[in-house]
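The first residue of the sequence shown is numbered 1, and numbering continues consecutively from there. In listed order, ligands and their atoms are each counted from 1.
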Amino acid sequence: MVNSRYLIKGGRVIDPETGIDGLFDIVIEEGKIASIENPQSAIPARHRSRSGEAGGRNPQSSIINHQSSIINASGKLVTPGLIDMHVHLREPGHEYKETIETGCLAAAHGGFATICCMPNTDPVNDNQSVTDYILKKARMAETVRVYPVGAISRGLRGENLADYGELKAAGVVAVSDDGNPVMNAQLMRRALEYSKGFELLVIAHCEDRNLTASGVMNEGTTATRLGLPGIPNAGETVMVARDIALCELTGAPLHIAHVSTEGSVRLIREAKARGLPVTAETAPHYFSLTEDAVINYDTNARVHPPLRTAKDRDAIRVALADGTIDVIASDHAPHTSIEKDLEFDQAANGMIGLETSLPLSLQLVEMGLMDLNDLIAKMSINPARILNLAHIGLKPGNPADLTIIDLEKKFTVDANTFRSKSKNTPFNGWELKGKAVLTMVGGKIVFDDE
Ligand code: DOR
């Protein structure tokens with residue numbers, strides 16, 4: 001049963017939205033944040049009584065008759081519920097890889113209270129009935145919040161625009177043809193113009209298919225040595241340049257997905273400096289790995305865009321640190337062994353990420369590249385702002401969405417323990433430090449590591 005009252009005690013509360021960073025107690029009532037108090041100054045008497053720790057000298061108080069559970073967060077971090085704005089849930093159509101239920105569980109275990117799911121399902125989410133279906137299944141899963149992303153073009157075919165009014169009314173928060181680029185620049189222009197009227201964000205999968213062609217990994221000497229067809233950096237960068245030009249032409253907000261190259265970073269930085277409404281995300285594999293992960297033909301390291309060179313990886317790290325890249329999103333892309341235990345050039349693109357995203361991202365803090373506040377912003381309030389989500393941050397009155405993180409917890413990545421249905425991670429066996437130990441959504445604990 002859901003306890004409607006919690007006292008989260010003694011944690012280091014970080015909320016980049018309100019600027020809070022310090023030791024606070026958070027009181028949760030009826031699914032909402034009731035108060036955030038410095039324990040030294042004022043813990044509401046009723047909560048001290050509830051815990052039986054202090055006082056309880058007012059037996060007349062009606063509040064004292066409610067049961068309040070104490071969550072001891074001392075030595076841990078308490079943050080706004082993390083948000084992953086780029087997830088493939090695979091349902092409807094590819095339930096053998098992941099379902100909405102298993103994907104949501106994986107999200108909760110990774111510390112995410114909210115996820116956005118991409119439309120490359122079967123059928124494609126380019127209409128109200130698919131959006132309705134996803135939202136209904138997400139409600140039934142009763143774990144994390146799910147915001148669907150609708151398609152830019154019907155069937156992701158890049159020919160005709162989907163009906164954004166219908167999609168918006170059904171509940172999508174953005175449109176994207178993710179997995180496919182919109183090759184036709186005129187259609188992309190129309191998508192930006194049309195989406196602006198509905199206040200729907202366009203999320204661009206930047207890839208020039210003529211350049212990426214049959215490539216399966218980053219183009220360069222490693223690909224040559226391995227005898228694998230390469231994908232040049234320009235395969236991404238030219239589309240980033242095009243879409244920035246279209247953003248400038250239309251004035252519509254543009255969000256660039258899974259940034260992987262130094263060239264893209266440079267273009268995004270310059271566009272932002274000129275005041276264009278451009279935002280960007282990258283995924284943990286682009287700042288944690290290089291193309292060297294492919295050397296043993298590990299198909300789990302096959303992903304689109306591909307893992308790049310150390311120079312690109314370092315440029316992504318700098319872009320995260322200096323604010324050029326606003327968001328870290330997992331691009332959780334489940335595939336089964338049927339699609340991965342194949343020759344490298346036959347294997348599917350993508351890797352799962354919901355259950356490794358936070359620990360890998362915390363390494364950036366460990367390396368001294370970013371501070372915790374900045375990192376948490378990129379995984380919570382930045383995506384919330386970019387997507388225009390309501391109720392951002394840990395404020396009294398907001399739904400109690402929060403994540404408790406143990407920064408000291410060491411563990412070995414073992415895909416067999418994952419809640420995701422698929423196991424396609426190149427991080428298996430990695431020793432990591434820091435992970436989510438509790439995820440709360442609307443005052444309900446959806447994951448508790450204790
Ligand atoms: O590697 C990828 N896998 N990149 C994408 O853009 C799509 C994703 C998928 O759906 O599997």
May I ask you to decide whether [X] forms a salt bridge with [Y], counting only side-chain N to carboxylate O separations under 4.0 Å?
{"X": "E91", "Y": "K137", "value": "yes"}
{"X": "K378", "Y": "E281", "value": "no"}
{"X": "K409", "Y": "D449", "value": "yes"}
{"X": "E408", "Y": "K433", "value": "yes"}

Residue, atom name and distance, where the atom is the protein heavy atom closest to [atom]:
{"atom": "atom 5 (C) of ligand 1", "result": "H304 O, 3.8 Å"}
{"atom": "atom 7 (C) of ligand 1", "result": "G179 CA, 3.8 Å"}
{"atom": "atom 3 (N) of ligand 1", "result": "N349 O, 3.1 Å"}
{"atom": "atom 6 (O) of ligand 1", "result": "H205 CE1, 3.2 Å"}
{"atom": "atom 11 (O) of ligand 1", "result": "R90 NH2, 2.8 Å"}

How close do Q128 and A170 get, counting heavy atoms only, and between which atoms?
CG-CB, 3.7 Å
Go through the steps for E339 and K97 under the test salt bridge (Lys or Arg N to Asp or Glu O under 4.0 Å), then give the verdict.
CA-CA 10 Å; E339 294 134 327; K97 298 176 196 253; 2.6 Å; yes
Consider side chain to side chain contact (heavy atoms under 4.5 Å, CB included). Of H304, H258, M351, which one does D331 pass it with?
H258
Contacting atoms of ligand 1, where contact means under 4.0 angstrom from a heavy atom of [X]:
{"X": "H335", "value": "11 (O)"}
{"X": "V303", "value": "1 (O)"}
{"X": "D178", "value": "6 (O)"}
{"X": "H258", "value": "6 (O)"}

Any nitrogen or oxygen of P305 lying under 3.5 Å from a nitrogen or oxygen in ligand 1? Just yes or no.
no
Proximity flag E207 to ligand 1, non-hydrogen atoms under 4.0 Å:
no
